[in-house]
Amino acid sequence: MDEEKVVVALGALAHPMRLRVFRALVVAGQTGLTPGAMCESLGTPNATLSFHLKELSRAGLVTQERASRNLVYRAAYESINGLIAFLTENCCEGMECDVDAAPCIC
């Protein structure tokens with residue numbers, strides 16, 4: 001993941017509602033969630049949720065799929081793993097990470 005994409009992704013997550021939406025999608029896993037289910041569980045109006053989903057989608061953090069009459073959103077795990085890899089690629093002073101060694105964050 002390049003630096004520009006990382007900045008866009010972090011910017012998208014830097015809003016409380018978008019962070020809650022993204023975390024809810026991570027918890028849902030590959031099953032994903034419909035906008036209606038997210039509105040209900042997060043207590044947010046549909047128009048507000050739609051705006052935030054658009055920003056998360058633009059940042060590549062969520063995917064959208066039509067399933068019959070519904071849209072299903074899922075966390076884009078490949079993108080978030082790329083973001084995490086970018087943020088931690090120089091941990092352990094650039095050496096291969098030894099997860100047993102402190103204070104490695106990996």
Q | Inter-residue atom distance Met1.CE - Ile80.CD1, 0.5 Å rounding | A | 7.5 Å
Q.
Same cluster or not: Leu33 versus Phe51, using hydrophobic residues (I, L, V, M, F, W, Y) connected whenever any side-chain heavy atoms lie under 4.5 Å apart?
A. no
(Q) Enumerate the ring-ring contact (aromatic ring centres under 6.0 Å, His included) contacts for residues 21-45, please, sequence neighbours excluded, ordered by first and then second residue. (A) none
(Q) If you compare all heavy atoms of Cys39 against all heavy atoms of Leu49, which two are closest, and at what distance to 0.1 Å? (A) SG-CD2, 3.5 Å
Q.
Show me the pairs that pass salt bridge (Lys or Arg N to Asp or Glu O under 4.0 Å) and involve residues 22-51, at least two apart or across chains.
A. none
Q: List in chain and number order the residues that pass side-chain hydrogen bond (donor to acceptor under 3.5 Å, both in side chains) with Arg58, two or more places apart in sequence or in another chain; answer none if no residue qualifies.
A: Glu55
Q: Identify whether Leu56 and Val72 are in the same connected component of the hydrophobic contact network (ILVMFWY, side-chain heavy atoms under 4.5 Å).
A: no
Distance-only check: which donor-acceptor pairs under 3.5 Å involve side-chain atoms of residues 24-31, not counting sequence neighbours?
none

Q | Exam field: side chain Ser57 to backbone Leu53, donor-acceptor pair closer than 3.5 Å | A | no
Q: Please list all pairs passing the side-chain hydrogen bond (donor to acceptor under 3.5 Å, both in side chains) test where one or both residues lie in residues 2-12, with sequence neighbours left out.
A: none
Q: Tell me, please, which residues at least two apart from Gln64 pass side-chain hydrogen bond (donor to acceptor under 3.5 Å, both in side chains).
A: Tyr73
Q. Going by the side-chain hydrogen bond (donor to acceptor under 3.5 Å, both in side chains) test, which pairs reach into residues 42-54, not counting sequence neighbours?
A. Arg18-His52
Q: Quick one: list whatever passes salt bridge (Lys or Arg N to Asp or Glu O under 4.0 Å) with Glu65, sequence neighbours left out.
A: Arg74
**Q.** Nearest-0.5 Å distance, CG of residue Leu61 to CG of residue Leu83
**A.** 7.0 Å
Q.
According to a hydrophobic-cluster definition based on side-chain heavy atoms being under 4.5 Å apart (Ile, Leu, Val, Met, Phe, Trp, Tyr only), do Val62 and Ile84 belong together?
A. yes
Q | Minimal non-hydrogen separation, Ser79 against Gly60, with atom names | A | OG-O, 2.8 Å
(Q) Using 0.5 Å steps for rounding, measure from the CG atom of Leu13 to the NE2 atom of His15. (A) 12.0 Å
